[in-house]
Amino acid sequence: MALLPEVKKDHGTLKNFVNGEWVKPTTEKYIDVENPATTAKIAKMPVSNKEDTIKAIEAANDAWLSWRETPPVTRARYMFRIKNALEDRFEEIARIMVQEQGKSIDEARGETRRSIENIEVAAGITSLMMGYNLEDGAASNIDEEAIITPLGTFGCIAPFNFPAMIPYWFWPYAVATGNTYIIKPSKQVPITQNYMMETIQEILPPGVLNVVNGSHEVADTLMEHPGVKGVSFVGSTPVARYIYKHSAENQKRVQAQGGAKNSLVVMEDAVMNRTVANMLASFFGCAGQRCLAGANMVPVGDKAYDAVVDKFIEGAKKIKVGYGLDESVNMGPVVSGDAKKKILGYIQKGIDEGAKLVLDGRGIKVPGYEKGYFIGPTIFEDVTPDMTIAKEEIFGPVVSVIRMETLDDVIEMINASNFGNAASIYTQNGRWARDFRYQVQAGNIGINIGIVAAMAYFPFAGYKDSFCGDLHGQGQDAIKFFTDRKVVITRWF
Ligand code: NAD
């Protein structure tokens, strides 16, 4: 099938968006952004330094003074305009995402839709941000009220796997509630977020929303500078822990979403055809690089095992791997050479620890893309819960099939994991589903759903090592994270 055209072959040298303008940072350090399917260099990204970041913080602090006085109804209208602008370039955003991140075009379109949905929710700010009051609340003739107020400037430190959506879990809520914002995209995939900023650059007043491209130094400056009130992070667990501690040391609000190791549990009464199709999307969508991806497949009892495993392997063999701009492709490459090396290391570890490799995606060749970072669907059977591949986050298209005998054993295994991002059960039995939902310690639970991606009006949850903090991204949690309550007690003589 013919490839969809790339928006641009080369996106040139990126700048930062600060105070309503694209500015060349002072840093002299630049890194290449690579297309993981072709390995072509498609942009140069500045690795901004402290000084570059402080310029954005100062601009955002200055903009806050008038932005917080902009009535919520007017702020909501900005959101409508932003939505329209993003809709106009919907397809371009999706294609750029494929080009720099590797996901298939359908996944990229889905992600673009999810990004815009957060703008739609934030457009309801006039209702979402209302405070509350109580007449005679303190005593007779003394009224009491709680006003919801914005705080200042916030920042986001984003991962590589959802280049468009993840900053949109946060910034629309921050800005709609009257704060100003700085996005630091992942250095592996900055182009999408820069392009989205370019798409909406005329809409917000200067300084309200800024993009600073870079790496650790930008992140550290956001966490340390007194002009930043809080930080939202999404990425791996070790970095989430560091961000959580370091932000707290500097008296910032912080929400830090970490890694995952999600189990998909199949009971003997599951509707098998639907279950297999759903699990294939969960394990291999985005080449397994989703924090909500299935990692362990757990059939409970022989009947479930016999009904699901062979069908799943047959389905996995049919997945078409290639460049995501080919609409017939189901799965793209992993994001980089380093990611591929790490995943191959885990596959070797699985073999060394005695798991049975029943589908080996290592040698895959994609005609025309011989250098790309492809790994085909890979499946291990006879995995035991103590093996490394059953416990650690691989973040690639690798499935560990773990046979279990009872649902109680499965729940015990899931709860023994350090991670608590997501878990799913496939069954028609309401009691089993209810026990699973009730007992499993994970923030996102799927019942006959393998990718438990909260809609924008629900929080994106996560427990244990998958989340450091209390308030999550999206929905009401995000409104609370970006605001405080000011209590006023009034008496008139
Ligand atoms: P990462 O932790 O390597 O990087 C995330 C961000 O942190 C990047 O912007 C990076 O520049 C910055 N960073 C990395 N090390 C830093 C340091 N020492 N100091 C300051 N900043 C630092 O994560 P990644 O590889 O980009 O993303 C993949 C990970 O993200 C996976 O573990 C995945 O499970 C997780 N993830 C979690 C969720 C969730 O909602 N829980 C969602 C998406 C991805």
Side-chain angles (χ1 to χ4, degrees), residues 31 33 36 45-48 50 53 100-103 111 114 155-170 182-190 192-193 211-224 231-247 249-250 252 254-262 285-295 334-336 338-340 342-343 346 392-396 417-422 442-444 451-454 458-469 472-474 477-478:
I31 54 172
V33 183
M45 189 208 79
V47 186
S48 301
K50 189 171 178 177
T53 314
E100 71 170 343
Q101 201 276 343
K103 61 183 65 188
E111 182 178 343
R114 288 279 177 147
C156 165
I157 302 164
F160 79 80
N161 61 334
F162 286 95
M165 176 181 72
I166 286 180
Y168 280 67
W169 286 350
F170 309 110
I182 298 165
I183 299 171
K184 186 200 94 56
S186 161
K187 66 178 180 199
Q188 299 188 78
V189 294
T192 308
Q193 207 50 236
V211 174
V212 180
N213 294 295
S215 186
H216 297 22
E217 198 170 334
V218 178
D220 284 334
T221 309
L222 290 174
M223 287 184 277
E224 290 160 11
V231 172
S232 301
F233 167 87
V234 181
S236 58
T237 292
V239 183
R241 281 205 199 99
Y242 164 70
I243 301 278
Y244 189 60
K245 272 194 205 153
H246 197 54
S247 302
E249 268 163 14
N250 290 289
K252 309 291 179 217
V254 55
Q255 44 186 189
Q257 302 186 204
K261 187 77 184 177
N262 307 319
C286 222
Q289 302 166 112
R290 274 199 285 234
C291 67
L292 294 173
V334 297
V335 72
S336 66
D338 284 349
K340 180 168 177 178
K342 186 173 157 208
I343 297 162
Y346 273 114
E392 293 185 10
E393 182 178 47
I394 301 174
F395 223 53
S417 168
N418 293 336
F419 295 110
N421 211 41
N444 302 289
I451 311 161
V452 200
F458 283 97
F460 191 105
Y463 289 7
K464 300 200 274 185
D465 278 0
S466 300
F467 182 68
C468 303
H472 300 277
Q474 299 197 146
D477 268 37

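We count ligands from 1, going down the list as the structure has it; atoms in each ligand are counted the same way.
Every atom of ligand 1 with a heavy atom of F395 under 4.0 Å away is listed here by number and element: 28 (C), 31 (C), 33 (C), 34 (O). Contact atoms of ligand 1 toward I166: 42 (C), 43 (C) (distance under 4.0 Å to a heavy atom of the residue). Counting atoms of ligand 1 from 1 in the listed order, those under 4.0 Å from a heavy atom of A219 are 20 (C), 21 (N). Near N161, meaning under 4.0 Å from one of its heavy atoms, ligand 1 places the atoms 43 (C), 44 (C). Within ligand 1, counting atoms from 1 as listed, the ones closer than 4.0 Å to a heavy atom of V234 are 5 (C), 36 (N), 37 (C), 38 (C), 39 (C), 42 (C), 43 (C), 44 (C).
Other residues, nucleotides and ligands contribute only 12 or fewer heavy atoms inside 6.0 Å of the NZ atom of K187.
Here the side chains of I394 and E392 are not in contact, with every heavy-atom distance at 4.5 Å or above. Residues N418 and K464 form no side-chain contact, since every pair of their non-hydrogen atoms from C-beta on lies 4.5 Å or further apart.
Looking only at heavy atoms of the protein, atom 8 (C) of ligand 1 is closest to A158 O, 3.1 Å. For atom 12 (C) of ligand 1, the closest non-hydrogen atom on the protein side is I157 CG2, 3.8 Å. When hydrogens are left out, the protein atom nearest atom 40 (O) of ligand 1 is Q257 NE2, 2.6 Å; that is the closest non-hydrogen contact. For atom 13 (N) of ligand 1, the nearest protein heavy atom (residue, atom name, distance) is V239 CG1, 3.9 Å. Ranking the protein heavy atoms by distance from atom 7 (O) of ligand 1 puts F233 CE1, 3.2 Å first. Ranking the protein heavy atoms by distance from atom 24 (P) of ligand 1 puts F160 CD2, 3.6 Å first. Scanning all protein heavy atoms for the shortest distance to atom 19 (N) of ligand 1 gives Y242 CE2, 3.4 Å.
Counting heavy atoms under 4.0 Å from ligand 1, residue F467 does not touch it at all. Of the heavy atoms in W169, only side-chain atoms (C-beta onward) come closer than 4.0 Å to ligand 1. Contacts with ligand 1 closer than 4.0 Å are made by no heavy atom of T237, backbone or side chain.
Side-chain polar atoms of H246 and E224 form a donor-acceptor pair below 3.5 angstrom. For E217 and T53, the side-chain atoms include no donor-acceptor pair closer than 3.5 Å.
Considering backbone and side-chain N/O of S236, one or more are found under 3.5 Å from N/O of ligand 1. On a distance-only criterion, K184 and ligand 1 share at least one N/O pair closer than 3.5 Å.
Among residues two or more places apart in sequence or in another chain, the salt bridge (charged side-chain N to carboxylate O under 4.0 Å, His left out) test is passed with D465 by R241. Listed by chain and number, the residues in a ring pair (Phe, Tyr, Trp, His ring centres under 6.0 Å) with Y244 amount to none (sequence neighbours excluded).
Side-chain N or O atoms of S48 include one that pairs as donor or acceptor with a backbone N or O of N213 at under 3.5 Å. Judged purely by atom type and a 3.5 angstrom limit, E111 uses its side chain to pair as donor or acceptor with the backbone of M165. Of the possible donor and acceptor atoms, none in the side chain of Q188 sits under 3.5 Å from a partner among the backbone N and O of S336.
The nearest non-hydrogen atom to atom 42 (C) of ligand 1, considering only C291, G420, S336, comes from C291. The option with the heavy atom closest to atom 35 (C) of ligand 1, from among G259, G235, C286, P185, is G235. Residue nearest to atom 16 (C) of ligand 1, selected from H216, H246, E217, K342: H216 (by heavy-atom distance). Between the choices P159, C156, G258, the shortest heavy-atom distance to atom 37 (C) of ligand 1 belongs to G258.
Residue F162 places no heavy atom under 4.0 Å from ligand 1. E393 counts as a contact of ligand 1, since one of its heavy atoms falls under 4.0 Å from the ligand.
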Inset, instruction - Check step by step if side chain to side chain contact (heavy atoms under 4.5 Å, CB included) holds for Y242 and D220. - result: CA-CA 10 Å; Y242 164 70; D220 284 334; 2.6 Å; yes
Inset, instruction - Check step by step if side chain to side chain contact (heavy atoms under 4.5 Å, CB included) holds for V212 and K184. - result: CA-CA 5 Å; V212 180; K184 186 200 94 56; 5.6 Å; no
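Under the 4.0 angstrom criterion, atom 4 (O) of ligand 1 counts as lacking any protein heavy-atom contact.
Cation-pi geometry between K103 and F162 is satisfied (NZ or CZ under 6.0 Å from the ring centre, within 45° of the ring normal).
For the side-chain contact (heavy atoms from CB on, under 4.5 Å) with Q101, the qualifying choice from N161, V334, T192 is N161, the only one to do so.
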